[in-house]
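Just below is one structure, and these are the notes that go with it.
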Amino acid sequence: MTTGRTTVAFVLLPGVHLLDLAGPAQAFHTAGNLGHPYDLAYVAGAEPGEVLSAQGLPLTATTEWPDLDPGDLLVVPGWRAAYDLVAGPRLSREAAERLRAHHAAGGEVASVCAGADALGQAGLLDGRRCTTHHDLQDALSRRYPKARVVRDVLFTSDDRIVTSAGIASGIDLSLHLLAVRHGPALAARVARDMVVYARRNGDQPQESVLLRHRNHLDDTVHHVQDVIDARFAEPLPLSALADGAGVSERTLTRAFVAATGLTPLRYQQALRRERADHLLAAGTTMESAARAVGFDDARMLRRLRAR
């Protein structure tokens with residue numbers, strides 16, 4: 001955006017689950033506190049005015065939609081839905097049109113849990129990979145037979161339509177979006193601030209080196225990972241990492257492998273490869289992507305991607 005700020009607009013429907021909303025909102029709010037400004041907006045997706053959450057807390061949602069640029073994000077949190085979606089809330093005509101228009105303009109649209117149904121109502125799931133809470137996957141598939149429902153993954157991303165399984169996976173989705181937009185270091189800082197070290201699963205677009213290897217309780221290794229996450233494109237000798245952690249090189253390597261399954265060098269290479277993959281998906285050349293992540297040329301990146 002020309003202002004340097006990004007808007008994340010949450011589309012709230014009756015019965016919204018608080019964690020479906022609060023998890024992503026907290027992640028983007030934390031990113032703002034860490035120097036990447038996000039403006040959060042809360043818009044009524046069905047009925048104007050107050051939205052009653054599934055947990056009984058009333059929420060105030062505006063009927064005024066913010067002006068959105070392609071770099072902004074629309075998120076539909078999920079709502080109370082038990083094994084079926086037919087009786088769920090219906091998007092207003094304006095909300096459906098706004099979701100479609102934002103995506104058509106090049107923007108990203110995301111959902112948490114049953115929020116995928118809202119994307120289906122807006123016609124955004126046809127022909128695309130998507131997911132939702134495991135209790136609702138059959139219902140989503142029946143309701144939108146042209147959608148390609150992926151089962152038992154935390155989230156999917158297909159042509160700027162990003163859907164997550166629900167509840168806490170909305171945080172995984174948000175950290176993934178932050179990593180893609182700002183790199184793994186920022187997402188790592190947000191995860192640390194939120195005390196989240198969740199494991200992501202699924203196929204390659206859904207994997208995250210950042211979080212997949214953070215599911216441990218070794219503070220020394222977390223400290224070293226913080227350094228590598230922030231400086232993954234720089235040469236980082238094992239001796240310097242060990243000195244910074246106050247341990248020997250041998251001790252650090254042993255602890256790192258025990259906690260993550262990788263040596264510090266392999267972990268750094270995995271971060272470089274993942275970041276390069278994001279750049280390549282955005283249209284960057286192999287040579288430019290390799291240099292952006294710290295390689296002298298594309299040869300090492302090609303070898304890493306071929307493993």
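FYI, the numbering just counts along the sequence from 1.
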Sequence neighbours left out, what passes ring-ring contact (aromatic ring centres under 6.0 Å, His included) with H36? Give chain and number order.
-> H182

side-chain contact (heavy atoms from CB on, under 4.5 Å) partners for R266, two or more places apart = L262, T263, Q269, R307

Which residues share a side-chain contact (heavy atoms from CB on, under 4.5 Å) with D243, sequence neighbours left out | none

Sorted by chain and residue number, the side-chain hydrogen bond (donor to acceptor under 3.5 Å, both in side chains) partners of H17 (sequence neighbours excluded) come out as Q55

Check whether any side-chain heavy atom of V227 sits under 4.5 Å from a side-chain heavy atom of L241, and report yes or no.
-> yes

So do R143 and D117 actually touch side chain to side chain, heavy atoms under 4.5 Å?
-> yes

side-chain contact (heavy atoms from CB on, under 4.5 Å) involving A61 - partner list, sequence neighbours excluded = L12, A44, V51

Partners meeting ring-ring contact (aromatic ring centres under 6.0 Å, His included) with F232 (sequence neighbours left out) | none

For the atom pair CZ (R160) and CG (L124), what is the distance rounded to the nearest 0.5 Å?
-> 10.0 Å

Verify, without hydrogens or angle tests, whether D158 (side chain) and R129 (backbone) share a donor-acceptor contact under 3.5 angstrom.
-> yes

Check whether more than 12 heavy atoms from other residues, nucleotides or ligands sit under 6.0 Å from atom CZ of R299, and answer yes or no.
-> no

Scan for ring pair (Phe, Tyr, Trp, His ring centres under 6.0 Å) pairs involving residues 89-134, sequence neighbours excluded, and state none if there are none.
-> none

Please check if the side chain of E50 supplies one atom and the backbone of P58 the other of a donor-acceptor pair under 3.5 Å.
-> no

Between the side chain of T260 and the main-chain N/O of F256, is any donor-acceptor distance below 3.5 Å?
-> yes

Gap between atom OG of S157 and atom CG of L177 - 0.5 Å precision | 7.5 Å

Indicate the atoms forming the closest heavy-atom contact of P14 with A46, along with that distance.
-> CD-CB, 3.9 Å

Heavy-atom closest pair, residues A292 and L279 = CB-CD1, 3.7 Å

Could you tell me whether the side chain of R273 and the main chain of R305 form a donor-acceptor pair under 3.5 Å?
-> no

Distance-minimising heavy-atom pair for P264 and L238 | CG-CD1, 4.0 Å

Which pairs of donor and acceptor atoms, one on a side chain in residues 22-29, lie under 3.5 Å apart (sequence neighbours left out)?
from	atom 1	to	atom 2	distance (Å)
Q26	NE2	T30	OG1	3.0
H29	NE2	N33	ND2	3.4

Okay, side chain of T7, backbone of A9: is any donor-acceptor separation there less than 3.5 Å?
-> no

ILVMFWY clustering at 4.5 Å (side-chain atoms), partners of I167 | L19

In Å and rounded to the nearest 0.5 Å, what is the CZ to OH distance from R272 to Y267?
-> 13.5 Å

Has R5 got its NZ or CZ under 6.0 Å from the middle of the six-membered ring of Y38, at an angle within 45 degrees of the ring axis?
-> no

Sequence neighbours left out, what passes side-chain hydrogen bond (donor to acceptor under 3.5 Å, both in side chains) with T163? Give chain and number order.
-> T156

SG (C113) and CG (L21) are apart, to the nearest 0.5 Å, by 13.0 Å

Are the side chain of D69 and the backbone of G71 linked by a donor-acceptor contact shorter than 3.5 Å?
-> no

Close side-chain approach of V162 and V109, heavy atoms under 4.5 Å | no

Any chance CD of E234 has more than 12 other-residue heavy atoms, nucleotides or ligands included, within less than 6.0 Å?
-> yes

Does the T131 side chain pair with the main chain of V150, one donor and one acceptor, at a distance under 3.5 Å?
-> yes

Let me see the working for R93 and E97 under salt bridge (charged side-chain N to carboxylate O under 4.0 Å, His left out), right down to the final yes or no.
-> CA-CA 6 Å; R93 179 178 297 179; E97 290 174 350; 5.0 Å; no

Interatomic distance, CG@L140 vs CG@L119, rounded to 0.5 Å, equals 9.5 Å

Could you list the residues that satisfy side-chain hydrogen bond (donor to acceptor under 3.5 Å, both in side chains) with R302, not counting sequence neighbours?
-> none

So how far is it from L59 CG to L18 CG, rounded to the nearest 0.5 Å?
-> 6.0 Å

S169 side chain to A165 main-chain N or O, any donor-acceptor pair under 3.5 Å?
-> yes

Which pair of heavy atoms, one from H213 and one from Q225, lies closest together, and at what distance?
-> O-NE2, 2.9 Å

Which heavy atom of R181 sits nearest a heavy atom of D72, and at what distance?
-> NH2-O, 4.0 Å

Are F155 and D172 side-chain neighbours, meaning at least one heavy-atom pair lies under 4.5 Å?
-> yes

For P237, enumerate each residue passing the side-chain contact (heavy atoms from CB on, under 4.5 Å) test, keeping only those at least two apart in sequence or located in another chain.
-> S239, A240

Heavy-atom donor-acceptor pair, S141 side chain to Q137 backbone, under 3.5 Å = no

For the side chain of T284 and the backbone of S288, is there at least one donor-acceptor N/O pair under 3.5 Å apart?
-> no

